Amino acid sequence: MPELPDVANLKRYFDATALGRTVARSSITDGRILGGASAELVARRLKGRRFEGTHRHGKFLFASISGDGWLVLHFGMTGELKLYKEEADRPRHARLVVDFEDGFHLAFVCVRLLGLVSITDDVEEFLQDRGVGPDALGGDLDLERFLDIFQGRRGAVKGALLKQSLVAGIGNVYADEILFQTGVRPDTKMNRLSGGELETLYRNLRVVLEKAAAPDESLDELPRGSILPHRGADGTCPRCSAGIRRMKVAGRSSYYCPKCQRKRG
DNA sequence: ACATTGACCTGAGAGC
DNA sequence: TGCTCTCAGGTCAATG
């Protein structure tokens with residue numbers, strides 16, 4: 001679930017449920033979610049504080065803690081947030097539970113433990129240390145920067161789109177959607193695309209993610225319709241009705257239309 | 001430097 | 001019912 005558009009939704013959920021509330025206490029129920037950070041530090045930083053605002057970069061969500069630093073959340077493959085009141089409603093696989101003074105609880109749920117909970121004092125520094133590239137929807141990713149990053153790469157287009165150090169936020173599903181809109185097969189080598197195709201790729205990347213991240217998600221308004229609901233066995237192309245095919249690219253399942261998406265080179 | 005592969009985790013679903 | 005296998009929307013370390 002949690003690619004850029006999903007994290008945008010989780011940010012809205014966090015804003016609606018946690019901002020302005022005061023933390024009474026918090027607990028980490030499985031230390032493996034911390035990626036080396038200290039559970040004691042997380043608890044100490046949150047206790048008695050309020051969340052004042054949030055910031056999303058790629059698939060990371062940062063929540064500013066009143067007076068002192070940021071809570072870092074990454075949702076991995078299976079992360080989500082759940083606000084609840086009654087203890088009986090605590091979700092399974094809650095890895096971080098924040099208890100608010102007003103009796104509500106916010107759980108960071110992560111079945112497969114591939115997500116991350118941490119603390120940082122400086123968001124920019126955190127992103128730099130981890131080698132995270134510019135946000136896919138950010139203002140500093142203009143066409144020029146995009147071309148700088150992707151032009152001349154030798155590997156598959158899809159592999160490059162998925163690489164968070166190049167551009168942050170695109171995951172397996174939206175990479176397929178962007179490539180469907182662009183009419184390019186996922187295994188096409190990046191350096192086989194013309195300048196014009198790269199520009200189209202950039203425009204589609206922005207449009208797809210903007211539409212998907214909007215509160216009223218509207219992918220079906222895309223010029224070619226959306227391939228996303230047709231992923232999986234027996235899917236058909238929304239544009240030409242050909243059977244959707246599947247192949248592995250960069251180790252990930254990739255769905256594409258054999259008629260609308262051509263391989264170059 | 002760049003690209004590909006396996007490992008990290010758990011759970012759901014298919015097939016026997 | 002229960003076992004085994006495959007797969008899942010992410011990322012890192014190790015390898016070519």
Side-chain angles (χ1 to χ4, degrees), chain A residues 1-11 13 28-37 56-61 72-81 91-96 107-118 126-133 135-137 148-180 186-193 205 208-209 211-213 217 219 226-235 244-256 265:
Chain A
M1 205 212 294
E3 303 184 34
L4 187 156
D6 311 297
V7 179
N9 277 326
L10 289 160
K11 172 172 157 56
Y13 188 87
I28 297 285
T29 62
D30 191 320
R32 288 175 294 178
I33 202 66
L34 290 167
R56 184 197 57 71
H57 184 109
K59 300 172 188 173
F60 283 96
L61 182 61
V72 182
L73 298 178
H74 188 289
F75 299 90
M77 292 248 276
T78 54
E80 47 188 320
L81 296 169
R92 253 185 107 190
H93 310 299
R95 311 302 189 183
L96 164 70
F108 173 87
V109 182
C110 190
V111 173
R112 288 175 65 188
L113 287 165
L114 297 173
L116 177 75
V117 173
S118 191
F126 176 90
L127 292 169
Q128 202 164 357
D129 286 351
R130 299 187 69 104
V132 180
D135 183 72
L137 282 184
D148 258 7
I149 293 170
F150 288 102
Q151 223 154 26
R153 297 189 68 88
R154 289 182 274 123
V157 184
K158 173 142 178 185
L161 288 177
L162 290 176
K163 197 160 259 185
Q164 304 300 297
S165 55
L166 301 180
V167 160
I170 303 169
N172 198 32
V173 167
Y174 288 101
D176 280 0
E177 183 66 66
I178 291 162
L179 291 170
F180 174 68
D187 59 339
T188 303
K189 305 294 182 204
M190 190 66 94
N191 58 17
R192 306 309 291 233
L193 296 182
L205 179 159
V208 165
L209 293 179
K211 283 194 179 291
E217 186 238 279
L219 280 180
S226 170
I227 195 176
L228 206 145
H230 307 282
R231 291 170 66 85
D234 312 326
I244 298 297
R245 300 241 181 103
R246 175 182 136 165
M247 69 167 128
K248 280 229 187 248
V249 182
R252 326 278 301 145
S253 281
S254 306
Y255 295 89
Y256 67 100

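Below, chain A is the first sequence line, B the second, and so on; all start at residue 1. Bear in mind that the values here come from a model prediction, so they are computed numbers and not experimental data.
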(request) Check whether any side-chain N or O of Gln164(A) sits under 4.0 Å from OP1 or OP2 of dG10(C), and answer yes or no. (result) no

(request) Taking Watson-Crick and G-U wobble pairs with both distances under 3.5 Å, convert DNA chain B into its dot-bracket string, 5' to 3', dots for unpaired and | for cross-strand pairs. (result) .|||||||.|||||||

(request) Please report the closest heavy-atom contact between Leu10(A) and Leu81(A), naming both atoms and the distance. (result) O-CD1, 3.7 Å

(request) For Lys163(A) and dA3(B), give me the distance from atom NZ to atom P, rounded to whole Å. (result) 6 Å

(message) At 4.0 Å (heavy atoms only), tell me whether Arg95(A) reaches a base, stays on the sugar-phosphate, or touches nothing.
(response) nothing

(message) Does a side-chain N or O of His93(A) approach OP1 or OP2 of dT10(B) to a distance below 4.0 Å, or not?
(response) no

(message) Using whole Å, what does the distance between atom C1' of nucleotide dT11(C) and atom NE2 of His74(A) come to?
(response) 7 Å

(message) I need the NZ-C1' distance between Lys248(A) and dG10(C), as an integer number of Å.
(response) 13 Å

(request) Hey, could you give me the CD/CZ distance between Gln164(A) and Phe60(A), rounded to the nearest 0.5 Å? (result) 8.5 Å

(message) Rounding to an integer number of Å, can you tell me how far Lys59(A) NZ sits from dC12(C) P?
(response) 10 Å

(message) Please report the distance, rounded to the nearest Å, between CG in Leu161(A) and C1' in dG9(C).
(response) 15 Å

(request) Would you mind classifying the nucleic acid contact of Arg153(A) as base, sugar-phosphate or nothing, using non-hydrogen atoms under 4.0 angstrom? (result) sugar-phosphate

(request) Could you check how far CZ of Phe75(A) sits from C1' of dT10(B), rounded to whole Å? (result) 18 Å

(request) Using the P atom as the reference point in each nucleotide, state the distance between dC9(B) and dC3(C) in Å, no decimals. (result) 23 Å

(request) Hey, can you tell me if Phe75(A) and Phe108(A) have their rings parallel, tilted or perpendicular (30° and 60° cut-offs)? (result) tilted

(message) If you compare every side-chain N and O of Arg246(A) against the phosphate oxygens of dC7(C) (OP1, OP2), does one of them come in below 4.0 Å?
(response) yes

(message) Just the rounded figure in Å: distance from C1' of dG6(B) to CG of Leu114(A).
(response) 14 Å

(request) State, to 0.1 Å, how close Ala136(A) and Ile170(A) come at their nearest heavy-atom pair, and which atoms those are. (result) CB-CG1, 4.3 Å

(message) Just to be sure I understand the rule, does Gly155(A) reach a base, reach only the sugar-phosphate, or reach nothing, if contact means heavy atoms closer than 4.0 Å?
(response) sugar-phosphate

(message) Rounded to whole Å, please give me the gap between CD in Glu3(A) and P in dG9(C).
(response) 9 Å

(request) Indicate whether OP1 or OP2 belonging to dT10(B) is found under 4.0 Å from a side-chain N or O atom of Arg32(A). (result) yes

(request) Could you list all the side chain to side chain donor-acceptor pair (under 3.5 Å) pairs where at least one residue sits in residues 148-163 of chain A, not counting sequence neighbours? (result) Lys158(A)-Asn172(A), Lys158(A)-Asp176(A), Lys158(A)-Ser254(A)

(request) May I ask you to verify if any side-chain N or O of Arg92(A) is less than 4.0 angstrom from the OP1 or OP2 atom of dG11(B)? (result) yes

(message) Measuring only the P atom in each nucleotide, how far is dA3(B) from dG9(C)? A whole number of Å is fine.
(response) 22 Å

(request) Return no unless some side-chain N or O of Ser253(A) is found under 4.0 Å from OP1 or OP2 of dA8(C). (result) yes

(message) Counting only side-chain nitrogens and oxygens, does Arg112(A) get under 4.0 Å of the OP1 or OP2 atom of dG10(C)?
(response) no

(request) Between dT4(B), dG9(C), dT11(C), spot the one nearest the side chain of Val173(A), thanks. (result) dG9(C)

(request) Look at the side chain of Val111(A) and decide which nucleotide, out of dC9(B), dC2(B), dG11(B), has an atom nearest to it. (result) dG11(B)

(message) Would you compute the distance between atom NE2 of His230(A) and atom OH of Tyr255(A) and round it to the nearest 0.5 angstrom?
(response) 14.0 Å

(request) Calculate, to the nearest 0.5 Å, the distance between atoms CE and OG belonging to Met247(A) and Ser253(A) respectively. (result) 11.0 Å

(request) Output the distance between atom CG (Leu73(A)) and atom CD (Glu80(A)), rounded to the nearest 0.5 Å. (result) 13.0 Å

